[in-house]
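Taking it in order: structure first as C-alpha cells, then the write-up.
In this chain, numbering begins with 1 at the start of the sequence shown. All values below were derived from every heavy atom in this structure, side-chain atoms included, with hydrogens, water molecules and symmetry-related copies excluded.
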Amino acid sequence: MEALDHLRSRRSEAQREPAAGDLVKTSGGHRQQRRRSGEDREDSGGDLHQQPVGMGSPAVAPYGAYRTADGQTVVLGTTNDREWQRLARDLLGRPDLADDERFRTTSGRAEHRGFLDAEIADWCARHDLTQVQSDADAAGIGNARFNTPSEVIAHPHLMARDRWRRIDTPHGQVPALLPPPVIAGYEPPMGGIPALGQHTDALLTELGVTEDDIAVLRAQGAAAPTPG
C-alpha cells in the first residue's frame, strides 16, 4: 500500500509540475512558453504561436529573403533592438519605423512581421543586390546572397578550395563534393555509387543466408537482381 500511495503521489506531482525542458524562454522580451507535443502556446493566452516562416525565424523580425531590382534574392534581418534601429534608420532611411512604438521590441516586430517584410521588400525591389549588400554592410546588418543549387555548384570558392572529386557510378563518373569538415593530413574516402543489387549477395551471405535461399528470394522479387 505504501508503494501504491507513493506512486499516486508522484503521478499527482507530475501532473502539477511541467517536465524539464517544457518551459522555454526566448530573448528579446518574448513571454515564457510551455511546449507540448511540438506546439507552442503562450501561458498568457496570447495568439502568437511559433510556426515556420520560410527563410526567417519565428522568434525575431524582420528577418527573411527579399527580391532585389536585378532579380536576385538577398537574405537579411535583425536579431535584437539595436540592429532593428540600424536597419530602419541607416539602411531603409525610415526613422518613422524606428520610432514607431509597435516595433520597439522583438515581440512587437514579430507581431507585425508581415508589415515590416512588405516595407523591406519594397526597398530591396528598388535596389540591385550589390547596392543592398553594400548598404547593409555599412549599416552593420548581416546579409547574404541567396544561391540556387545550380549557383552553389558553380560557386568559384568550391573550385578554389579544391572541394570537388570525381566518383564512379553505374553510368560513368560524376563530380561530388567532399564532406564539409577539413582535417589536416586526412583525405575523406569518396567511394563510388553502387549499382542496384551490387552488394546484395555479399550482405545476405554475411547474414547467413545460403545461395539457394538467395536464389529463392531473387525469384520472389524480394532481393534485387544481380547487376548485368
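For the pair P181 and R163, the tightest heavy-atom approach, listed with the atom from each and the gap, is O-NH2, 4.2 Å. Shown here for I193 and P170, the closest heavy-atom pair between the two residues is O-CD, 3.3 Å. Contact between M55 and A65 at its shortest, heavy atoms only, is CG-CB, 3.8 Å. For I153 against L158, the heavy-atom pair with the smallest separation is O-CD1, 4.3 Å. Taking both residues in full, the closest heavy atoms of R109 and P62 are given as CD-CD, 4.1 Å, listed atom of the first, atom of the second, then distance. Of all heavy-atom pairs spanning A176 and M190, the tightest one is CB-CE, 3.8 Å.
By the 6.0 Å contact criterion, CZ on R161 is open, its count of non-hydrogen atoms from other residues, nucleotides or ligands being 12 or less. Within a 6.0 Å sphere centred on CZ of R82, heavy atoms belonging to other residues, nucleotides or ligands number 12 at most. When the shell of 6.0 Å around CD of E187 is examined, it contains more than 12 heavy atoms from other residues, nucleotides or ligands.
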Going through the distances and angles, do D99 and R102 end up as a salt bridge (Lys or Arg N to Asp or Glu O under 4.0 Å)?
CA-CA 9 Å; D99 294 335; R102 294 176 298 171; over 6 Å; no
Could you walk me through whether T205 and V209 pass the side chain to side chain contact (heavy atoms under 4.5 Å, CB included) check?
CA-CA 5 Å; T205 299; V209 182; over 6 Å; no
Set out, in order, the CA-CA distance, both residues' side-chain angles and the distance that settles salt bridge (Lys or Arg N to Asp or Glu O under 4.0 Å) for D122 and R67, then state yes or no.
CA-CA 9 Å; D122 178 70; R67 296 288 286 178; over 6 Å; no
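Checked by atom type and distance alone, the side chain of Q220 never pairs as donor or acceptor with a backbone atom of L217 at under 3.5 Å. For the pair R145 (side chain) and V74 (backbone), a donor-acceptor distance under 3.5 Å is absent. R113 places no side-chain N or O within donor-acceptor distance of the main-chain N or O of A61, the cut-off being under 3.5 Å.
The closest side-chain heavy-atom distance from V60 to T78 is not below 4.5 Å. Counting only heavy atoms from C-beta outward, the side chains of N143 and V75 never approach each other to under 4.5 Å. A 4.5 Å side-chain heavy-atom check between D212 and T210 finds at least one atom pair inside the cut-off. Looking only at side-chain heavy atoms (C-beta outward), P58 and Q51 stay at 4.5 Å or farther from each other. Residues L87 and R94 have side chains not in contact (no heavy-atom distance under 4.5 Å, counting atoms from C-beta outward). Between L129 and Q133 the shortest side-chain heavy-atom distance falls below 4.5 Å. Side-chain contact between E211 and D213 is absent, with no heavy atoms from C-beta onward closer than 4.5 Å. R218 is listed as a side-chain neighbour of D201, based on a closest heavy-atom distance under 4.5 Å.
Within the model, atoms CG of D137 and CG of L76 stand 10.5 Å from one another, a figure rounded to the nearest 0.5 Å. Atom CG in L92 sits 7.5 Å away from atom SG in C124 (nearest 0.5 Å). Taking OG1 of T130 as the reference point, atom CD of Q72 lies at 8.5 Å (rounded to 0.5 Å). Rounding to the nearest 0.5 Å gives a distance of 6.5 Å between CG of D135 and NE2 of H127. Note: E111 CD to L116 CG = 11.0 Å, rounded to the nearest 0.5 Å. Between the OG1 atom in T106 and the CD atom in E83 there is a gap of 10.0 Å [rounded to 0.5 Å].
Residues D70 and T68 bring a donor and an acceptor atom of their side chains to less than 3.5 Å of each other. No donor-acceptor contact under 3.5 angstrom links the side chains of S134 and Q131, judged on distance only.
I167 and L178 fall within the same hydrophobic cluster, where Ile, Leu, Val, Met, Phe, Trp and Tyr residues are linked whenever their side-chain heavy atoms come under 4.5 Å apart, directly or through other members.
For residues 56-104, the pairs satisfying ring pair (Phe, Tyr, Trp, His ring centres under 6.0 Å) are F103-H112, F103-F115, with sequence neighbours left out.
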